[in-house]
Amino acid sequence: MSPAEALPKIYDPLGTEARWQQAWEQQAAFHPDPQAPGEPFCVVIPPPNVTGSLHMGHAFNTALIDTIVRFQRLRGKNVLCLPGTDHASIAVQTILEKQLKAEGSSKEHLGREAFLERAWAWKAESGGTIVAQLRRLGYSVDWQRQRFTLDAQLNTAVVEAFVRLHDQGLIYRGEYLVNWCPASGSAVSDLEVEMKEVDGFLWHFRYPLASGPTADGTTHLEVATTRPETLLGDTGVAVNPSDQRYAALVGQTLSLPLVGRLIPIVADEHVDPGFGTGCVKVTPAHDPNDFAIGQRHGLPLITVMAKDGSMNAAAGRFEGLDRFEARKAVVAAMEAEGFLVKVEPHRHAVPYSDRGKVPVEPLLSTQWFVRTEPLASRCRGALANPAGAAPQFVPERWSKVYRDWLTDIRDWCISRQLWWGHRIPAWFVVSETAGEITDSTPYVVARDQAEALAKAEAQFSGGSPGQPVQIEQDPDVLDTWFSSGLWPFSTLGWPDGAALDLAKWYPTSVLVTGFDIIFFWVARMTMLAGVLDPRGVGEPWIPFADVYIHGLVRDEQNRKMSKSAGNGIDPLLLIERYGADALRFALVREVAGAGQDIRLDYDRKTDSSATVEGARNFANKLWNASRFALMNLGGETPASLGDPDPAQLQLADRWILSRLARVNQETAERYGNYGLGEAAKGLYEFAWNEVCDWTIELLKRRLHVPAELEGAAREAALADQRSARQVLAKVLNELLLMLHPLMPHLTEELWHGLRGAPIETLLALQPWPALDQAALDSELEELFAETIELIRMARNLRATGGLKPGQKVSLVAITTSRPELQRVLELAVPDIEVLVKAERVEVFSSMPELPRSLMGISGSAQVQLQLPEQDLAALRSRLEKDLAKAEKEIAGLAGRLANPNFADKAPAEVVAECQANLAEAQAQAQLAQQRLADLG
RNA sequence: GGGCGAUUAGCUCAGAGGUAGAGCACUACCUUGACACGGUAGGAGUCACUGGUUCGAUUCCAGUAUCGCCCA
């Protein structure tokens, strides 16, 4: 910050922010030493997808995390905030395959090795985007510890985790219905599937009884389905056992139309008799519910679709058709052959692949799974045990969502038929199955090829005598979330047990993330940490002490922001327009109770946001308050001025120093309890209303020593000026420290300007201001607030009397029956003179006769303004207003007191207060009436 | 269908068993020696609805409606 005179009137965030971001990074300000003293505090950031670019959700998450870690740093903790990105298997592979297709090539054509080279090249080129964007928010992370889920060390962690889980029987290879995404040609987990409501149809079909009509003439059953093409794979029809309509038919056989297969009618509890016809066709290989029914009744599994979503040979004449074409063809054939009963429009939920954006196909296939129940039960146990290592959710209600999800959890399919990712550390012993990998090829799991070969050789002979054992690594990779699940400890050096970072900062202090990710991520981290016990010392194994769950940023119409809806608001645009500090402050200030969504107002025509603009205005207000200080501190700094001398303090000084201490206390508590929005709001109000509106206005009188003063009067004025400077410097200095977690760049800039500190001395690394207990004076705060109200009333009377802004009042008379208030008011006389623009201010304990003055009543105090000319109409309207207000109050209070139940049952102090208020209101009303009468 | 959340000023949201608050927007005046991204003053609400508990409910409880999210 340059000399005050040269300071522009308007703060320009852009250059300033870049400068401090560079200074922090160059000085490695946020690169902590694990061996340094200080209580550890650690946050690993939720790693954004490496393909991504910054969206409002990242900005929000970042604003919250950075506020927390910057606060903890000011509190003297040894803080590590660790950044990184994840490799996003499917997203990256989709991008690259699209590129290859455009070039007329394909990944198969390129081969695995070349494809991966290309993927790394792509990552080197484009993967830095989001990281650069995070820097622009002023994120105080340790960039030297930046991690990527495919880093060699993190890969080691993934392999180690896989091997250990496998050795404990927690990873298995099995055949199961998986969610198959035909677009990406890979299995996806349950969590990567999104249910979407779509308008479809319910087709009713007739399935004839194989043995002809029954005694009562029934010739067929009617089934209803939303997916006609799967009927080719039907191996049964199920009805509810309690359904009287079909009870007699259970056990009979139907002839499957178009195919002719004989399929049984079974009774199963899970059939809803009220849905459709109450008869469900069962296709165990193509539907998870049907799979379960099939298991219970021993129905065969017939797969009629290939992995690309087309019909296979088992579909007979429909072979080769895409699943959606096949649907039409099957319906047409059923109609032609007289099996179609009717078609009804039907809205239902269809599972879509998150990434592929096409309906997923439940497909029977052999995949790797994590057996989740043992992992989940450990987490549930910790949650149930109050002294246990369960994470503390903020707000608490999310712990229920977490627990519910850990209950009845399904096994986690972790293999993906992709190339970009962590290759599964399993090797098939292909020499056992004639060089081919089949579902029955035996395998070994090992940390590397050599270990795998050794294991294989120990177990297998080589197929035929004299043949060497041959192994081949599983071509698949692991679900990206498998590596993300290790993030809190893999980033700190696990599985290296000697890693200093792990010893210092694990378990981490808090995980900050959106509620949409509790299942995806939070539960997987706790499950994996539970089984791997990263510190190897037993408890506490939970990877984070607290989990702070925040809401989502919604658009101006309260819609979730998403790429597909195109309703995202670009944080970078807002940063360029208003500054990163303004965006951060606006986002945090909007957070009320934790966990609530926030709505960001936004005008798409002008790319402007009133909310962020408000925060920008606040930054400018602080800029100008500091500018004022620089112009008025006479070249001194908070350090050269020193703390104010208590003996020299004036009333207003004692008030603001008490307020400052109070705000210090409240703010530290709020920051520490995740009450970030409350902290932001509290500081905003303190800075704007109390510091700028009152303190600076009150100090102006004393900061300016008139040139004409001489001798002792001048000495006294100079001493008072110094005291005022000390107060101003102290208040501003502490305010900047307290605001720093929210607006790091601006406060760093202003603090340097104020202190004249060298660039190497960073505000970010200063200690939080010590709480000045002695300054706290709640009585003074109350009395001064009253004084402010009386000044407001006097100003209001000026307006009522129609005074011009510059016009002086000849006399302001304030009357109060409270002696302590009277004392404070007397001390404040010089201030009131300036603020009300009065020639004279006097304080009375009983009201003086000032006929035809303007009078206002507030509580037990009255303010009278003697004006040069009296406007009788204004006088009267003012009095009538006060009278009306008092009478309304009297009516309410008297009504309450008149209720005998109130007097009997309400607490005595409430009744007494009510009576006192009534008496006061009556006195006010009487006074006003009398004055009105005097006016005639 | 199950669960969770929301409903308070024109807008975005706080709040608390005892007479309703902020910011923005609005109105009037003001370019005053920090700031017009500003100042001073002002207007503005049946606290979604219906019951219950209570001396007293906008606040606690139950139900209803609307909106949103998650899970099936």
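Protein chains get the first letters and strands the later ones, always in sequence-line order, with residue 1 at the start of each. Quick note: numbers below take in every heavy atom, side chains included, and nothing from hydrogens, waters or symmetry partners.
Counting all heavy atoms, side chain and backbone alike, Ala717(A) lies closest to Leu709(A) at CB-CD1, 3.6 Å.
At the heavy-atom level, Arg616(A) lies under 4.0 Å from base atoms of the strands shown. Looking at heavy-atom distances under 4.0 Å, Asp601(A) makes no contact with the nucleic acid at all. Residue Lys700(A) is in base contact, counting any heavy-atom pair closer than 4.0 Å across all strands shown. Nucleic acid contact class of Asp516(A) (heavy atoms, under 4.0 Å, all strands): none. The residue Ile518(A) sits apart from the nucleic acid: no heavy atom pair falls under 4.0 Å. Across all strands shown, Asp904(A) has no heavy atoms under 4.0 Å from either base or sugar-phosphate atoms. Note on Glu913(A): nothing from the nucleic acid sits closer than 4.0 angstrom, heavy atoms only. Residue-level contact check: Pro907(A) touches the bases, meaning some heavy atom is under 4.0 Å from a base atom. Residue Cys914(A) is classed as having no contact, given no heavy-atom separation below 4.0 Å to the nucleic acid. Using a 4.0 Å heavy-atom criterion, one finds that Leu600(A) contacts no nucleic acid atom at all.
Close to C37(B), at under 4.0 Å from its OP1 or OP2, lies no side-chain N or O of Asn624(A). Side-chain nitrogen and oxygen atoms of Arg896(A) include none within less than 4.0 Å of the OP1 or OP2 phosphate oxygen of C55(B). For the OP1/OP2 pair of C35(B) and a distance below 4.0 Å, the side-chain nitrogens and oxygens of Lys9(A) include at least one atom meeting the criterion. Lys681(A) has no side-chain polar atom (N or O) that falls below the 4.0 Å cut-off from OP1 or OP2 of G15(B).
Listed nucleotides: U19(B), C37(B), G39(B). Nearest to the side chain of Ile10(A): C37(B). Of the candidate nucleotides C24(B), G42(B), A34(B), A34(B) has the atom nearest to the side chain of Met631(A). For Glu697(A), taking side-chain heavy atoms from C-beta onward, the closest of the listed nucleotides U19(B), A34(B), C29(B) is A34(B). Considering only the side chain of Lys881(A), G43(B) comes nearest among G18(B), G43(B), C37(B). Ranking G39(B), C70(B), G18(B) by closeness to the Phe519(A) side chain, first place goes to C70(B). Closest contact between the side chain of Trp688(A) and the listed nucleotides G39(B), C55(B), C37(B) involves G39(B). Considering only side-chain atoms of Lys400(A), the nucleotide from A34(B), G39(B), G3(B) that sits closest is G3(B). Considering only the side chain of Tyr684(A), G23(B) comes nearest among C69(B), G23(B), C55(B). Between U12(B), C35(B), G18(B), one nucleotide has an atom nearer to the side chain of Glu590(A) than all others, and that is U12(B). Ranking C24(B), C35(B), G42(B) by closeness to the Asn796(A) side chain, first place goes to G42(B).
Between Lys837(A) and Lys888(A), the residue anchored nearer the 5' end of RNA chain B, judged by the nucleotide with its closest heavy atom, is Lys888(A). Summary of the strand contacts: Leu893(A) and Asp693(A) both lie near RNA chain B, and taking for each the nucleotide with the nearest heavy atom, the more 5' one is attributed to Leu893(A).
For the P atoms, the distance linking A22(B) with C29(B) amounts to 24 Å, nearest Å. Only the C1' atoms considered, U8(B) is 10 Å distant from G21(B), to the nearest whole Å. One P atom belongs to A44(B), the other to C4(B), and the distance between them is 40 Å to the nearest Å. Annotation: A20(B) and U53(B) have their P atoms spaced 24 Å apart (nearest Å). Between U59(B) and U19(B), the two P atoms lie 15 Å apart (nearest whole Å). With both ends at atom P, the span from A62(B) to G3(B) equals 13 Å, rounded to whole Å. One C1' atom belongs to C35(B), the other to U40(B), and the distance between them is 15 Å to the nearest Å. Taking atom P in both A48(B) and U12(B), the straight-line distance is 15 Å, to the nearest Å.
When ring centroids are compared, Phe393(A) and Trp398(A) stay outside the 6.0 Å threshold.
No donor-acceptor pair closer than 3.5 Å links the side chain of Glu576(A) to the backbone N or O of Leu573(A). In this structure, the side chain of Arg798(A) does not engage the main chain of Met793(A) through any donor-acceptor pair within 3.5 Å.
Note on ring orientation: taking the six-membered ring where Trp is involved, the planes of Phe618(A) and Tyr684(A) are tilted (angle from 30° to 60°). Relative ring orientation between His550(A) and Tyr548(A) is described as perpendicular, the plane-to-plane angle rising above 60° on a 0-90° scale split at 30° and 60°.
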Next item on the list: Begin with the C-alpha distance, continue with both residues' side-chain angles, and end with the deciding distance and a verdict on side-chain hydrogen bond (donor to acceptor under 3.5 Å, both in side chains) for Asn689(A) and Trp694(A).
Entry: CA-CA 7 Å; Asn689(A) 302 339; Trp694(A) 290 96; over 6 Å; no
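Under the Watson-Crick and G-U wobble criteria, each requiring two contacts below 3.5 Å, nucleotide A28(B) is paired to U40(B). Nucleotide G1(B) is matched to C71(B) when pairs are restricted to Watson-Crick or G-U wobble geometry with both distances under 3.5 angstrom. The partner of G51(B) is C61(B), judged by Watson-Crick or G-U wobble contacts that both fall below 3.5 Å. Base pairing of C13(B): its partner is G21(B), meeting the Watson-Crick or G-U wobble criterion (both donor-acceptor distances under 3.5 Å).
Put simply, CZ on Arg403(A) is 14 Å from P on G3(B), counting in whole angstrom units. Summarising the geometry, the separation between CG on Asp603(A) and C1' on U12(B) is reported as 15 Å, rounded to the nearest angstrom. If you measure from atom OH of Tyr402(A) to atom P of C71(B), you get 17 Å, rounded to the nearest angstrom. Taking atom CG on Leu622(A) and atom P on C35(B), their separation rounds to 15 Å, with Å as the unit. Note: CZ (Phe902(A)) to C1' (U19(B)) measures 12 Å, nearest angstrom. The CZ atom of Arg397(A) sits 16 Å away from the P atom of G3(B) (whole-angstrom rounding). Going from atom CD1 of Ile549(A) over to atom C1' of C69(B) covers 14 Å, rounded to whole Å. Taking atom CZ of Arg798(A) as the reference point, atom C1' of U40(B) lies 10 Å away to the nearest angstrom.
Heavy-atom neighbours of Glu669(A) CD from other residues, nucleotides or ligands within 6.0 Å: at or below the threshold of 12.
Judged by distance alone, the side chains of Glu880(A) and Ser877(A) never bring a donor and an acceptor atom under 3.5 Å apart.
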